[in-house]
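Index from 1, following the sequence.
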Amino acid sequence: MQHKVLDVQDVVIRFAGDSGDGMQLTGSLFANTSAVYGNSLSTFPDFPAEIRAPKGTVSGVSGFQVHIGSTDVRTPGDFCDMLVAMNPAALKVCAGFVKRTGTILVNQDAFDDASLLKAGFTKNPFEELGLQDRDILVVPVSTLTGKSLEGSGLDNKSVDKCKNMFVLGMACYIFSRPLDYLYGYIESKFGKKHPEMVAPNKKVLFDGFNYAANLQMVPNTYHIAPAPLEKGTYRNITGNQATAWGLMAAAEKAGLQLFCGSYPITPATAILEELAIYKSLNVKTMQAEDEIAGICTAIGAAYAGSLAVTTTSGPGLSLKSEALGLAVMAELPLVVVDVQRAGPSTGIPTKTEQTDLNQILYGRNGECPVAVVAPHSPSDCFDAAFYAAKTALEHMVPVVVASEGFLGNGSEPWRIPSMKDYPAIKPPFVSGESPEGGFKPFERDPETLVRKWAVPGLKDYEHRVGGLEKDHNGVLSSAPLNHETMVRERAEKIEKIAASIPPLAVDGPSGGKLLVVGWGGTYGHILSAVDEVRAGGTEVSFAHFEWINPLPANTAEVLRGFDKVLVCELNSGHFASWLRIKVPGVSVLQCNKVQGQPFLVGEIVEAIRKAVEE
């Protein structure tokens, strides 16, 4: 067979298998290799929702999709050019995401009768799934891994664990990835604690690469040139890592200690784990006994003068709701990071959604407004966390970062910024001698309604804050008019934050028939869909909201410039309802998906075309 090297702008690869097959690591390494090579990329790790799901079942399939390109890559891709399926269940779950021109690589050794039956196949799986027209590479991966490591001294279990390196080597050949980074990773991972694993892993990786090079069934290999990125130093970063780093950057700018009190919960745990690494940067972390204790320790840290953070997901946010109300009442700076997952209740804990928005906006007793910011990509989690902390500290309010599992676990290249490019953070600490008549903790700045922050221990600044209503002097009060005054001032203080956030930007004409709107992690999918529709000759505009509460000051002006507004979100219409309340009279249409999966670009394209036709 004549071999061809194809120059392409982008490719999508999906690695899938059982949790024990190492597909998350394989996908991560392929993505990191591509980042080092200079490609633009976006990833989508897709974990099974059950803990130790039965081996070989469709519920236990773990996937990792990587989209790499020589141009701007905004999404992990709708459909893949190559699927690596380590067992029949992985093939069954992922077959529908393979392009008609795509390649499927399967581990022949895992396709025995028992495994086929467990995955629900009754006949030839390729015929049953209608995959005969795809390029199918049937490779005895487990057998070849064993032959590669003959004489290595490893036991059978350890040998079997190396099979993911064999398919990674094959993928690196097919998509022209150099092995240098991977060799370095193997040496750094195993060199100190398990030096006996360095040579075997490097060998099986190299043998997989060579096997693909000599395999006559591989008709084409692909070359994806590096992307023309802005000059600077880059690293591949996940959203949860970026969130942690953004919080640390804000603490440094404010000159404060960073404290994070949290309880582990999927998919937010990695933020706590990342922060725990950096004790040398004046970061303190506490893994509390539950969600309530986590936020309460953070509130205590805020009262004591720290940049206070707590991290969680939807079920944990519901448990934190009363304490979050305490932070609102006490007017203490607090950052709550909610990495959203599918619910309700335990739901599908490893799957992504945007279904916490109503809970974030309304999920507390009484009149209890909080500021809300939503990152739009993994790397944007850095900026979202930084400005959430800046807002919390300078306005003395709790701020919720509405992240998502898709962002927290996903990754993309991130240009490491210079901290001189970020603004100073100036918390409203009291200074000098206590004012005549004593310190009044809820006396406010007349412009911003922000109260002063008095750290405990300052002479003549003794005061009380807490969950019972008080007057401006800090004296307990249940007087009706005082309560209504304080409620209105706390709400108005949130609204006044709009003066310090960027106006809503419109991509395209500032008026017309249709404005497509999104928030959070839908950004790349919506922008790609809008570009596709425009390429077909239809004029539409696009606006993406970073701030949910308050909305940008020009929101009403922007929305009222269009006949219709189409809101695309991964829920049943939370943000669409919020816009109807905040900007009455606007015709708001909805494009919703509640499947625990990100949008496909094609789904949004269809919704836009339908809205335009109507």
Side-chain angles (χ1 to χ4, degrees), residues 295 299 302-303 317 320-336 357-373 387-388 390-400 402 427-428 430 435 437-454 463-501 503-504 545 547-557 559 574-575 577-585:
I295 188 172
I299 290 172
Y303 181 66
L317 185 64
K320 294 179 188 291
S321 60
E322 184 181 1
L324 184 52
L326 170 60
V328 171
M329 176 71 88
E331 299 187 42
L332 288 168
L334 175 70
V335 178
V336 181
L357 185 56
N358 278 345
Q359 180 181 202
I360 292 169
L361 292 170
Y362 305 115
R364 292 162 298 283
N365 67 299
E367 297 292 338
C368 196
V370 297
V372 185
V373 62
Y387 286 103
K390 177 178 169 65
T391 300
L393 291 170
E394 293 185 341
H395 293 266
M396 296 294 287
V397 293
V399 180
V400 178
V430 296
F439 174 58
K440 299 176 181 180
F442 293 107
E443 191 172 53
R444 305 180 184 282
D445 179 280
E447 294 295 324
T448 63
L449 299 184
V450 174
R451 77 173 187 90
K452 290 290 186 178
W453 193 4
H463 64 285
R464 290 188 295 177
V465 297
L468 290 174
E469 188 67 278
K470 299 172 181 65
D471 61 19
H472 290 150
N473 297 319
V475 177
L476 293 176
S477 173
S478 57
L481 290 179
N482 176 73
H483 176 53
E484 184 164 350
T485 295
M486 297 297 278
V487 164
R488 287 181 173 174
E489 286 180 350
R490 288 190 288 263
E492 191 176 348
K493 182 169 68 164
I494 296 291
E495 291 300 323
K496 285 180 175 293
I497 294 171
S500 62
I501 66 176
L504 181 64
F545 284 82
W547 282 90
I548 307 297
N549 195 32
L551 293 170
N554 65 331
T555 297
E557 178 187 350
L559 299 191
H574 300 195
F575 190 59
S577 298
W578 182 245
L579 289 180
R580 291 187 186 106
I581 293 170
K582 291 294 186 178
V583 192

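Among residues at least two apart or in separate chains, side chain to side chain donor-acceptor pair (under 3.5 Å) pairs with a member in residues 320-334 are Glu291-Lys320, Thr310-Lys320, Glu331-Arg444, Glu331-Lys493. Sorted by first and then second residue, the salt bridge (Lys or Arg N to Asp or Glu O under 4.0 Å) pairs with a member in residues 471-481 form an empty list; sequence neighbours excluded.
Every residue two or more places apart in sequence or in another chain that forms a side chain to side chain contact (heavy atoms under 4.5 Å, CB included) with Ala371 is listed here: Val399, Ile494, Ile497, Trp547. Looking at residues two or more places apart in sequence or on another chain, you find no side chain to side chain donor-acceptor pair (under 3.5 Å) involving Arg464. Residues forming a salt bridge (charged side-chain N to carboxylate O under 4.0 Å, His left out) with Lys470 (at least two apart in sequence, or on another chain): none. Contacts of Glu495 classified as salt bridge (charged side-chain N to carboxylate O under 4.0 Å, His left out), with partners at least two apart in sequence or in another chain: Lys582. For Asn554, the side chain to side chain contact (heavy atoms under 4.5 Å, CB included) test picks out Pro503, Leu504, Pro552, Glu557, Val558, with sequence neighbours left out. By the ring pair (Phe, Tyr, Trp, His ring centres under 6.0 Å) test, Phe442 is found to be paired with no residue, residues two or more places apart in sequence or in another chain being considered. Annotation: side chain to side chain contact (heavy atoms under 4.5 Å, CB included) contacts of Ala499 (sequence neighbours excluded): none. A search for salt bridge (charged side-chain N to carboxylate O under 4.0 Å, His left out) contacts involving Arg490 returns Glu469, not counting sequence neighbours. Among residues two or more places apart in sequence or in another chain, the salt bridge (charged side-chain N to carboxylate O under 4.0 Å, His left out) test is passed with Glu367 by none. For the side chain to side chain contact (heavy atoms under 4.5 Å, CB included) test, residues two or more places apart in sequence or in another chain that qualify with Ala402 are Gln340, Ile360, Val372, Ala374, Trp519.
Under the 4.5 Å side-chain criterion, counting only non-hydrogen atoms from C-beta, Val487 is not in contact with Glu492. The side-chain heavy atoms of Trp453 and Tyr303, taken from C-beta on, include no pair separated by under 4.5 Å. With contacts defined as side-chain heavy-atom distances shorter than 4.5 Å, the pair Asn549/Trp578 qualifies.
Salt-bridge check for Lys390 with Glu394: passed, with a basic side-chain N closer than 4.0 Å to an acidic carboxylate O.
Judged purely by atom type and a 3.5 angstrom limit, Arg451 has no side-chain atom pairing as donor or acceptor with the backbone of Pro428.
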Practice problem: Go through the steps for Leu334 and Leu324 under the test side-chain contact (heavy atoms from CB on, under 4.5 Å), then give the verdict. | Solution: CA-CA 9 Å; Leu334 175 70; Leu324 184 52; 4.2 Å; yes

